[in-house]
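Working notes for the structure below.
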Amino acid sequence: MAPARLKSLAGCLLVLVTASLTSALEGEWLGNDFFERTRVRPELDWDWGRTWSSMSINNQPVTSILSTVLGTYKFTLPRLQLQRGLAYVGSATRLRRVVRQLMSRNPTKPTKIGVIGGSVSWGQGTRKRGEDDWFSVLSKWLLDAFPESNITTRNGCTPGVPASYMILCLELSVDPDVDLVFVEFTLNNGFEDSLAENTIVKDMERLTRRVLALPGQPAVVLMHVPTHHMASYPRGHPKNTKNEDWHPFHWTTEDAVGAMSQYYDVQALSLRTAMYDLAVRQEREGFLWEHAFVDHHPGNQGHKFMADLAVWMLQQTALGLLQLPYGQEDAEAAGAPLAGPMYPGNLPPNSSMCLLGDSFRSLVVSEASSGFDYVNEGTPEKPKPGYVATQPGSVLRFRIDTDRTALGAQPQDLVFVVFHYLRSYVHMGIAEFSCVSGCNCSSRRVDGHHAPHVSQLYMAPLEVSQSRQCEIQATVLPETSSGEHKFKVAGLVISESAGNKGIMVNLAQGAGDYGVREHNGDVVQITFTKEGRKGGHDTGRRQRR
């Protein structure tokens with residue numbers, strides 16, 4: 001892996017260590033009142049007004065056909081910048097299918113729209129997550145713009161991880177029948193200074209293929225944001241008081257990923273391209289870097305710009321459907337099988353490698369297990385299921401597939417298997433994880449007891465030999481540091497590839513705790529429907545990891 005990318009990934013993974021939201025978001029340009037300097041500025045807003053009043057389709061005014069679509073949103077980005085921010089449109093057959101469904105007066109099915117990404121689209125940097133982040137702004141507009149549609153939006157973002165993590169755990173963030181998925185990983189993926197064999201582009205291709213292949217055959221839209229040190233000022237600039245690094249317009253893998261957009265005909269939006277002329281060349285008030293960004297995270301104004309781009313794209317798609325209706329040619333292209341990978345052999349796993357809930361239960365070898373019961377220790381809104389034992393000698397055995405030779409691994413290469421187990425300050429015991437059949441690994445003793453007064457999932461990684469029938473066992477030991485013997489195993493992740501590489505290796509060797517709280521039950525993912533918002537209420541003041 002290129003050193004530049006390693007440095008960027010290390011910066012991304014710092015999110016996994018304990019840091020309060022406030023300290024993580026301290027600004028430098030205009031003092032530390034970042035909420036004030038990145039506030040939304042209504043005085044800059046504009047709408048379509050009477051732009052379409054003289055146009056008609058089949059003797060119907062466009063303003064009548066699309067009254068709620070065109071008349072319920074005020075843009076902040078000027079029109080030229082919105083047009084620049086549409087980095088790739090293409091034929092957009094899947095996206096046209098989704099918007100056509102939204103425009104239907106009598107929709108035959110619900111429409112599901114999701115977003116996956118890192119801390120940017122999660123909402124870090126905004127004053128009020130669930131209200132000010134771009135996907136929440138978009139979600140509320142969708143419900144207003146298409147009032148007759150049954151719309152559900154879901155924010156499945158997970159702070160601090162790149163695309164390679166979501167390749168493994170996609171099903172924990174999107175519904176299988178989702179219709180449209182926004183993907184935002186440009187910042188978290190880091191930077192790699194190569195074009196022909198760029199591993200970041202390869203990761204994005206595998207993730208994109210996983211999303212495109214979901215049962216709902218969703219449309220995919222990439223949301224690109226400036227990378228580290230781009231939304232700032234060069235050394236020597238009066239506003240760069242600390243003489244910090246600065247990266248120019250091209251210092252991003254966004255453009256290399258553009259080849260993948262064209263190959264798969266997935267649309268791309270670019271906050272970098274939409275803002276750059278205003279922020280750098282014109283230095284226009286209200287559109288400067290410090291007005292849109294807290295640090296490398298956009299603030300409220302930056303998120304408004306991102307929402308502008310998404311709304312603009314959907315409005316333009318709706319207008320395009322009036323001019324050129326969705327037809328058989330669109331339907332055939334939208335439903336066509338995926339072409340072979342752009343990089344030969346660059347195929348993702350065909351199922352989730354993050355195994356929780358029912359998928360985790362299916363791995364248990366029941367005849368070789370005893371003393372563990374599958375229980376939900378959470379609530380219906382925040383379930384925390386897993387296998388729990390309270391007595392020494394209890395055994396839980398799993399059978400998994402660790403064979404990666406079909407993906408080019410050498411037979412001797414080891415695969416990381418990461419178990420999620422509970423640590424708490426009371427009741428907890430010690431268990432030993434070991435390979436017992438079909439594969440080999442060094443056993444690992446894991447203590448579920450610790451001193452901090454928190455209860456959360458941690459990771460127990462094992463390096464396991466490759467086998468299609470690898471059986472791993474957790475055994476509760478008689479030793480205990482708490483005086484009791486409770487032990488809980490909640491799930492596992494199997495590395496996509498063999499060898500000492502992959503995001504789970506970095507996570508397991510880093511913070512140790514399973515910091516992706518949106519996937520471990522600690523945090524409820526935000527969803528919007530006609531009934532209102534769910535989730536997000538438990539994330540405002542808590543510490544991020």
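For reference, positions follow the sequence shown, starting with 1.
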Practice problem: Could you check Leu319 against Leu70 for side chain to side chain contact (heavy atoms under 4.5 Å, CB included), going step by step and ending with a plain yes or no? | Solution: CA-CA 9 Å; Leu319 288 164; Leu70 299 176; 4.2 Å; yes
Self-check item: Salt-bridge present (Asp179, Lys112; N to O < 4.0 Å)
Solution: no
Quiz item: Charged N to carboxylate O below 4.0 Å: is that the case for Glu36 and Arg39?
Solution: yes
Quiz item: Would a line drawn from the ring center of Phe135 to the ring center of Phe528 be shorter than 6.0 Å?
Solution: no
Quiz prompt | side chain to side chain contact (heavy atoms under 4.5 Å, CB included) partners for Pro452, two or more places apart | solution = His450, Val454
Quiz item: Nearest 0.5 Å, what's the OG1-CG distance between Thr208 and Leu222?
Solution: 5.5 Å
Quiz item: Do the side chains of Val181 and Ile116 get nearer than 4.5 Å, heavy atoms only?
Solution: yes
Exercise. Answer yes or no: is there a side-chain heavy-atom contact under 4.5 Å between Arg404 and Asp413?
Key: no
Quiz item: Who passes side chain to side chain donor-acceptor pair (under 3.5 Å) against Ser139, sequence neighbours left out?
Solution: Thr153
Exercise. Start with the C-alpha distance between Tyr343 and Val201, add both sets of side-chain angles, then the distance that settles side chain to side chain contact (heavy atoms under 4.5 Å, CB included), and finish with yes or no.
Key: CA-CA 9 Å; Tyr343 290 95; Val201 181; 3.8 Å; yes
Quiz item: Are any side-chain N or O atoms of Arg41 and backbone N or O atoms of Gln301, one a donor and one an acceptor, separated by less than 3.5 Å?
Solution: no
Exercise. Any pair with a residue in residues 75-87 that passes salt bridge (Lys or Arg N to Asp or Glu O under 4.0 Å), sequence neighbours left out, goes on the list, sorted by first then second residue, please.
Key: Arg84-Asp277
Self-check item: Side chain Asp265, main chain Ala92, donor-acceptor under 3.5 Å
Solution: yes
Practice problem: Please assess Thr111 against Gln101 for the test side-chain hydrogen bond (donor to acceptor under 3.5 Å, both in side chains), listing each intermediate value before the final yes or no. | Solution: CA-CA 8 Å; Thr111 301; Gln101 179 176 309; 2.6 Å; yes
Quiz item: Is there a donor in the side chain of Trp141 and an acceptor in the side chain of Thr72, or the other way round, less than 3.5 Å apart?
Solution: yes
Quiz prompt | By side chain to side chain donor-acceptor pair (under 3.5 Å) - contacts of Thr273 (at least two apart) | solution = Ser270
Practice problem: For residues Val294 and Gly299, report the shortest heavy-atom separation together with the two atoms involved. | Solution: CG2-CA, 3.8 Å
Quiz item: Looking only at heavy atoms, which two atoms of Tyr263 and Ala339 are closest? And how far apart?
Solution: OH-CB, 4.2 Å
Quiz item: Just by modelled atom types, is the Leu102 backbone N or O under 3.5 Å from a matching donor or acceptor in the Ser149 side chain?
Solution: yes
Quiz item: Side chains of Ser173 and Gln525: closer than 4.5 Å at any heavy-atom pair?
Solution: yes
Quiz item: Hey, does the side chain of Arg97 reach the backbone of Ala219 with a donor-acceptor pair shorter than 3.5 angstrom?
Solution: no
Quiz prompt | Backbone N/O of His228 and side chain of His247: donor-acceptor pair under 3.5 Å | solution = yes
Quiz prompt | Under the side chain to side chain contact (heavy atoms under 4.5 Å, CB included) test, residues paired with Ser121 that sit two or more places apart | solution = Val115, Trp134, Cys157, Glu184, Met306
Self-check item: No-hydrogen, no-angle side-chain donor-acceptor test under 3.5 Å, Thr38 and His291
Solution: no
Practice problem: Mark yes or no for whether Arg96, through its side chain, and Thr317, through its backbone, hold a donor-acceptor pair below 3.5 Å. | Solution: no
Practice problem: Can you establish whether the number of heavy atoms outside Lys534 located under 6.0 Å from its atom NZ is more than 12? | Solution: no
Quiz item: Under 3.5 Å, is there a donor-acceptor pair between the Glu290 and Tyr233 side chains?
Solution: yes
Self-check item: Partner set under side chain to side chain contact (heavy atoms under 4.5 Å, CB included) for Asp255, not counting sequence neighbours
Solution: Thr252, Arg272
Self-check item: Partners passing side chain to side chain contact (heavy atoms under 4.5 Å, CB included) against Pro176 (at least two apart in sequence or in another chain)
Solution: Pro215
Self-check item: Donor-acceptor pair, side chain of Arg94 and main chain of Pro218, under 3.5 angstrom
Solution: yes
Quiz prompt | Nearest atoms (heavy-atom pairs only) where Ala292 meets Met275 | solution = CB-CE, 3.6 Å
Quiz item: Do other residues, nucleotides or ligands put more than 12 heavy atoms under 6.0 Å from the CG atom of Leu195?
Solution: no
Quiz item: Do Glu192 and Thr199 have side-chain atoms, one donor and one acceptor, less than 3.5 Å apart?
Solution: yes
Exercise. Go through the structure and list residues passing side chain to side chain donor-acceptor pair (under 3.5 Å) with Lys128, not counting sequence neighbours.
Key: none
Quiz item: Under 3.5 Å, is there a donor-acceptor pair linking the side chains of Asp144 and Tyr73?
Solution: no
Quiz item: Quick one: do Arg210 and Glu205 make a salt bridge, cutoff under 4.0 Å?
Solution: no
Exercise. Taking the side chain as every heavy atom from C-beta outward, state whether Ser495 and Met353 have any atom pair closer than 4.5 Å.
Key: no
Quiz prompt | side chain to side chain donor-acceptor pair (under 3.5 Å) partners of Arg209, counting only residues at least two apart | solution = Tyr264
Practice problem: Would you confirm whether His303, through its side chain, and Asp133, through its main-chain N or O, come within 3.5 Å as a donor-acceptor pair? | Solution: no
Quiz item: Excluding sequence neighbours, so at least two apart, what forms ring-ring contact (aromatic ring centres under 6.0 Å, His included) with His250?
Solution: none
Quiz item: Does the side chain of Trp48 come under 3.5 Å of the side chain of Gln315 through a donor N or O and an acceptor N or O?
Solution: yes
Quiz item: Below 4.0 angstrom, N of the basic side chain to O of the carboxylate: do Arg235 and Glu244 qualify?
Solution: no
Quiz prompt | Side-chain donor-acceptor pair present, Thr186, His224, cut-off under 3.5 Å | solution = yes
Quiz item: So do the side chains of Val211 and Val266 get within less than 4.5 Å of each other, counting heavy atoms only?
Solution: no
Quiz item: In Å and rounded to the nearest 0.5 Å, what is the CG to CZ distance from Asp47 to Phe75?
Solution: 9.0 Å
Exercise. Return each pair, listed once, that meets salt bridge (Lys or Arg N to Asp or Glu O under 4.0 Å) where at least one residue sits in residues 303-319; pairs must be two or more places apart or across chains.
Key: Lys304-Asp308
Quiz item: Hey, does Leu95 have a side-chain heavy atom less than 4.5 Å from the side chain of Leu180?
Solution: yes
Quiz item: What's the shortest heavy-atom distance between Pro78 and Trp46, and which atoms?
Solution: CA-NE1, 3.9 Å
Quiz item: Is the closest side-chain heavy-atom distance between Val280 and Phe249 below 4.5 Å?
Solution: no
Quiz item: Got a sec, which residues hit salt bridge (Lys or Arg N to Asp or Glu O under 4.0 Å) with Glu283, two or more places apart in sequence or on another chain?
Solution: none
Practice problem: Evaluate the side-chain proximity of Trp289 to Tyr276: yes if any heavy-atom separation is below 4.5 Å, no if none is. | Solution: yes
Practice problem: Please report the shortest heavy-atom distance between Leu356 and Ala490, naming the atom on each side. | Solution: CD2-O, 3.3 Å
Quiz item: When you measure from the side chain of Asn198 to the backbone N and O of Ile200, does any donor-acceptor pair fall under 3.5 Å?
Solution: yes
Quiz item: Is a donor on one side and an acceptor on the other found under 3.5 Å between the side chain of Asn189 and the backbone of Ala163?
Solution: yes
Quiz item: Between Arg127 and Asp132, is the closest basic N to carboxylate O distance under 4.0 Å?
Solution: no
Quiz item: Do you know the tightest heavy-atom contact between Val178 and Gly114?
Solution: CG2-N, 3.9 Å
